[in-house]
Each structure stands twice: as C-alpha cells, then as structure tokens.
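In what follows, a structure is listed as structure tokens, so that the remarks can point back to it.
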2 protein chains.
Amino acid sequence: MAVGIKVFAPASVANVACGYDVLGFALEEPGDEIVITKVDKKGLRITKITGGKLPYDPLKNTAGFAALKVLEHLEYDGGLEMEIHKKMPFGSGLGSSAASAVAGAMAVNEVLNKPLTKQELLPFAVLGEQIADGAYHADNVAPSLLGGMVLIRDTQTLDFHKVYIPDGLYVVVIHPHIEILTKDSRGILKTEVSLADHIKQSANLAGLMLGMQNSNFELIKNSLEDIIIEPQRAHLIPHFYDIKNAALTNGALGCSISGAGPSIFALCDSTIIAENVAIQMEKVLLDQKISCTIYKSRINNEGAILC
Amino acid sequence: MAVGIKVFAPASVANVACGYDVLGFALEEPGDEIVITKVDKKGLRITKITGGKLPYDPLKNTAGFAALKVLEHLEYDGGLEMEIHKKMPFGSGLGSSAASAVAGAMAVNEVLNKPLTKQELLPFAVLGEQIADGAYHADNVAPSLLGGMVLIRDTQTLDFHKVYIPDGLYVVVIHPHIEILTKDSRGILKTEVSLADHIKQSANLAGLMLGMQNSNFELIKNSLEDIIIEPQRAHLIPHFYDIKNAALTNGALGCSISGAGPSIFALCDSTIIAENVAIQMEKVLLDQKISCTIYKSRINNEGAILC
C-alpha cells in the first residue's frame with residue numbers, strides 16, 4: 001500500500017487592527033493536517049475527514065477545491081486520496097477554511113514533487129477558501145501558506161509583500177467558545193467610511209509597516225488601532241472590551257478582533273508580558289463562565305510545511 | 001549695525017498619491033528665505049517682504065506667527081527684525097505657507113543659538129501654517145522642517161516618522177501657472193469614502209512604506225495610486241490626465257497632484273528618466289500655451305537650513 005505524505009497549514013490572524021482585508025500573520029498553532037496518497041484509481045477523492053463535519057465532494061470542500069485547481073493547472077490525471085484532519089475550530093476567526101485550502105493545495109504539490117513554488121500555489125489556495133465564505137481575499141491564505149506577516153497590496157493580482165518581524169514580538173490569541181459566521185460578520189459592516197477615519201486608519205497602517213520594518217515597538221503600539229471595523233463588530237463578541245482592556249492594561253502593544261471574530265489577538269513585546277496578558281484575558285472569560293482556548297507563540301515565519 | 005542670520009526652508013510635496021494628509025516630502029528647491037536680526041527695540045517686527053504681498057503684522061503672517069509662538073515658548077522679550085523673501089509661488093500646491101512658517105520658526109531659534117531642536121520647533125511651525133489655510137496639518141511643515149519623506153501618523157500629537165529614501169529616487173515637479181486656492185480645493189472633497197476604496201488606498205499606502213523601506217521600485221510604482229482624492233480634484237487642473245499620462249508612459253514610477261494642486265509631481269528611479277519625464281510633462285502644457293516652472297531634484301533629506 002502506498003504511504004501518504006502529510007502537510008500542516010497553520011491558523012492565521014487577519015485584519016490585524018488597522019489592516020482590514022489586507023494584512024494577516026500566521027500562528028504556530030493550531031492548524032490543519034492533510035494526508036495525501038497516490039493511488040491507481042484516477043481522480044481526487046476525499047476518503048477521511050476528522051475534527052469536523054465537511055463535504056466529501058472535492059468540488060464543495062475548500063481543501064479539495066484548492067487541490068483540484070492545482071491538479072487542473074498541472075494537467076495531472078492520476079489518482080489521489082486525501083485525508084483531512086481539522087485540528088482547529090470552525091468559525092473562530094483564525095482562518096480555518098484558509099488553512100484547509102492551503103493544506104489542500106500544498107499537499108498535492110508535495111506529492112507531485114513540488115512542480116510549483118509556494119508563491120505559485122497562492123491563487124489556487126485563495127480559490128479554495130472562496131468556496132467557504134464566498135469572498136475573494138488572501139489575508140488568511142497568504143500568511144498560512146507563506147508564513148510571517150503579509151500585506152496583500154492588491155487582492156485581484158495577489159500582489160503580496162512579507163513584512164519584517166521584529167525579534168521579541170509575541171502573539172496571544174484567545175478563542176472564546178462561541179460562534180460567529182464570517183458572512184454575518186461581514187454583512188453588518190457599513191459600506192462607507194468617513195474621510196477623517198480613512199485618513200487616521202491608513203496612517204496607522206502605514207505606521208505599523210514602519211514600526212515592524214524598524215523594530216520600533218512604540219510605533220507598533222501606537223499604530224495598532226482599528227477605528228473602522230472593530231467598533232462595528234465588537235458587540236458580536238461578549239465582553240470584548242473587557243478582554244481588550246485586560247490585554248492593554250497588562251502591557252500588550254495592541255489587541256483587536258482576529259479576522260471576523262470571535263477570537264481576539266494581542267501582540268506583545270516579550271514572552272513574560274505575553275504570558276501575563278494571556279492569563280488576564282482568559283480570566284475575563286472564565287469569570288463569565290465562558291470557556292476558551294488560548295494560543296501563545298511567535299509569529300510563524302514558515303507557514304505551511306511538509307510534516 | 002547688527003548682522004542678520006539667514007535661513008532657508010524648502011517647498012514640499014504633500015499627499016503623495018495614496019498619502020492624503022499624512023505623507024509629504026521636501027524638495028531641494030524652490031523655498032523661502034528669512035533673515036532675522038537682533039535689535040534693541042523690543043518685540044518682533046517684519047521689516048521687509050519680497051516676492052509676494054503678505055501681511056506685515058506678525059500675528060497675521062505665517063512666518064511671523066510661527067516665530068512669535070517660538071518666542072512666547074522661550075519667554076524671549078528682546079527685539080527682532082525679520083525680512084521675508086518669498087522665493088516660491090503662492091497657491092502652487094508646493095507648501096508655500098508651510099515653508100514660510102518653518103523658516104520663521106527656524107530663524108528665531110537660530111538667532112537665539114538653537115535652544116530648541118528641529119523636532120521641538122514642529123508644533124510652532126504647524127501653528128504658523130494654520131494661520132494661512134485654517135487647517136491643522138503637518139504634511140508640508142514636517143518635511144520642510146525635517147527633510148526627507150515624513151509620515152504624520154497622528155496629526156494631533158504630531159507623531160511623525162521619517163521614511164527611508166532609496167538611492168536613485170528622483171522627483172519632477174511641474175507648476176502650471178494657474179492658481180487654485182487650497183481652501184477651495186479642500187471644500188470640494190466628499191466627506192465619505194467607500195469601504196472598498198479605503199481598503200485599496202490604505203493597502204497602497206502600506207505598500208509605499210514597504211517599497212521605500214526596502215528600495216523596491218516596482219512596489220513603489222504599483223503603490224503610487226490615488227483613487228480617492230485625485231479623481232475629485234483632477235478637473236481643477238487643466239490637462240491633468242494628459243500630463244500624468246506623459247509622465248507614466250515615459251517611465252515615471254507614479255504621478256499625482258502635489259498638495260492641493262495645481263502642481264503635479266512625478267517620482268522616477270533615475271535622473272535620465274526624470275529628465276525625459278520633465279520634458280514630456282512640460283510639452284503638454286506648452287502645447288496648450290500654458291506656461292509652467294519645472295523643478296527636478298532628489299528628495300531633500302536636510303529640510304530647513306541655516307544659509
């Protein structure tokens with residue numbers, strides 16, 4: 001019997017306060033695993049799914065669809081079997097569907113001996129994720145695939161740029177065990193922004209870029225503010241402002257909603273601060289009898305990997 | 001008779017395509033000169049103004065007001081006489097009033113043996129410019145004073161950050177001899193921006209920051225686009241799109257309105273391209289019998305100087 005190869009694609013934080021739809025970074029964990037095996041019978045089949053209820057039809061499955069798009073591009077007509085092991089929650093705001101799409105695209109490329117570079121896989125993974133939430137955006141897919149913090153300067157052409165990650169930067173992510181659907185979370189956003197808010201928010205995004213490039217933690221801290229999206233979505237997450245306040249008063253550089261929520265991320269400039277910030281954020285939820293999962297790590301600079 | 005000291009403050013390009021109200025850079029020329037002399041008679045008097053019609057009352061004069069604010073801060077009660085030599089056009093979109101305000105603040109600081117740093121002079125120069133156009137913004141004043149390309153991350157706190165200037169970057173500025181009042185040019189802007197345009201424009205500003213920091217000319221080129229302000233102001237400048245087209249088709253990285261216009265700037269990645277871009281931009285205006293002045297230089301990294 002043929003032995004499969006296994007890939008891992010990590011969760012990611014999109015939006016990153018002032019970078020709605022254009023900025024994201026990868027986490028060390030959680031993430032999705034996909035095992036893929038060459039078989040004689042032609043076509044791609046999903047044979048096993050663990051960790052969540054997802055369609056077995058590759059055309060309706062983010063990982064399957066991304067994989068099919070890669071195979072179509074490569075004009076590969078052999079047989080493949082795919083196992084999907086969801087090791088992260090759905091609807092968490094941590095790029096669950098993006099991780100699956102990335103793992104799907106990456107897995108078929110690996111099993112075919114890497115005909116494509118990671119960068120070349122990006123459009124196929126983006127198409128895979130689109131199956132899940134209908135939107136064409138790359139701010140989860142790009143960091144999950146490529147690692148690091150990634151600016152998507154132009155979504156249509158997928159013109160992306162990795163941002164330098166200063167030494168000492170740590171991420172805390174808290175996932176409250178409640179569900180928000182990304183589609184709902186997008187639907188509530190106003191389609192207009194005041195010119196004044198646009199100016200302020202874009203200056204903060206520019207400041208964040210300079211802060212990261214120059215390892216200027218004070219500038220990162222001052223720039224990590226979202227005056228446009230966060231105020232519209234905060235009410236969807238119980239006790240959001242209490243959690244944010246706990247992060248900021250305990251030394252986090254910034255704290256905002258991860259993706260469309262309900263996960264919340266905080267950036268910190270040391271592990272010691274990150275440890276305490278995590279405890280204090282968690283405490284707010286535990287006091288309210290809401291369970292949660294905490295993830296703490298550096299920004300994952302590698303992205304998806306062959307296990 | 002006491003001998004005066006002379007300072008020069010340069011013109012500047014604000015807005016810089018995707019950086020409305022938050023980004024500007026300094027030019028080598030033109031600029032304003034101010035001569036200041038200690039005298040026995042107490043108080044600050046403007047004794048001579050050349051190159052333009054401006055109020056002699058320091059309280060109503062941008063240079064005078066900025067100087068008064070510095071003197072007030074320093075609790076200086078001696079006598080000073082100021083000559084203002086406007087060596088650049090009013091209403092050109094090149095930060096004429098900002099240059100005067102910077103020169104005024106800088107001149108009194110120099111004649112008093114530099115009690116303040118340039119950075120400490122910034123708020124006083126901003127107050128001086130405010131006399132001219134009523135708006136509190138620093139995207140001309142900061143580069144004119146400090147030199148380079150400057151991001152004003154927060155106007156209220158004047159939190160500014162210099163952006164790295166790649167070797168080989170050249171500026172062409174064309175000033176068509178027509179007048180637009182900044183107040184009019186501000187008045188026509190819509191107060192709302194679509195969320196989609198906000199996303200695109202802020203991603204371009206972020207891209208421009210990364211492009212400058214990493215000397216990535218292709219990224220600078222792709223990021224130098226203004227989809228919000230330029231389309232609303234272009235009609236105020238005769239033949240704007242023809243001039244822009246001449247710049248872009250001849251190899252400019254980008255081209256947009258300088259400040260509130262009517263001046264137009266182009267950024268280029270070599271002197272040879274800049275020379276040709278200048279000729280081609282000028283040709284469009286000359287064919288229409290509109291006279292103009294052209295300025296070509298690197299970005300001025302020094303800002304205001306003692307002559």
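Throughout, a chain's letter reflects where its sequence line sits, starting with A, and its residues are numbered from 1.
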- Using non-hydrogen atoms only, which part of A:Ile228 is less than 4.5 Å away from chain B: side chain, backbone, both, or neither? side chain

- Query: What is the distance from atom CD of A:Gln201 to atom CG of B:Leu205, rounded to the nearest 0.5 Å?
  - Reply: 12.0 Å

- Message: Using heavy-atom distances under 4.5 Å, tell me whether B:Val193 contacts chain A through its side chain, its backbone, both, or neither.
- Response: both

- Highest number of heavy-atom pairs under 4.5 Å with chain B: which of A:Gly211, A:Gly19, A:Ser223? A:Ser223

- Query: Which bit of A:Asn222 is near chain B, if near means a heavy-atom gap under 4.5 Å: side chain, backbone, both or neither?
  - Reply: both

- Does CD in A:Gln119 sit with more than 12 non-hydrogen atoms of other residues, nucleotides or ligands closer than 6.0 Å? no

- Should B:Asn214 and A:Gln213 be marked as a side-chain contact (heavy atoms from CB on, under 4.5 Å) after you check the CA-CA gap, both sets of side-chain angles, and the distance that decides it? CA-CA 9 Å; B:Asn214 296 327; A:Gln213 293 291 132; 3.2 Å; yes

- The interface call for A:Ile229 against chain B, heavy-atom contacts under 4.5 Å, is side chain

- Would you check if B:Lys200 and A:Asp154 make a side-chain contact, meaning some heavy-atom pair closer than 4.5 Å? yes

- Item | Stepwise side-chain contact (heavy atoms from CB on, under 4.5 Å) test for B:Leu195 and A:Lys190 | CA-CA 8 Å; B:Leu195 180 60; A:Lys190 290 180 201 153; over 6 Å; no

- Task: Check whether A:Glu192 gets within reach of chain B through its side chain, its backbone, both or neither, counting any heavy atom under 4.5 Å.
- Result: both

- Query: In terms of heavy-atom proximity below 4.5 Å to chain B, should A:Thr191 be classed as side chain, backbone, both, or neither?
  - Reply: backbone

- Message: If you count every heavy atom of other residues, nucleotides or ligands that lies below 6.0 Å from A:Glu218 atom CD, does the total exceed 12?
- Response: no

- Looking only at heavy atoms, which two atoms of B:Ala203 and A:Ile152 are closest? And how far apart? CB-O, 4.0 Å

- Heavy atoms only: give me the nearest B:Leu151-A:Gly207 pair and the separation to one decimal. CD2-N, 3.6 Å

- Message: How close do A:Ser202 and B:His198 get, counting heavy atoms only, and between which atoms?
- Response: N-CE1, 4.4 Å

- Query: Is there a side-chain contact (heavy atoms from CB on, under 4.5 Å) between B:His161 and A:Asn216 once you walk through the steps?
  - Reply: CA-CA 11 Å; B:His161 300 275; A:Asn216 181 340; 4.3 Å; yes

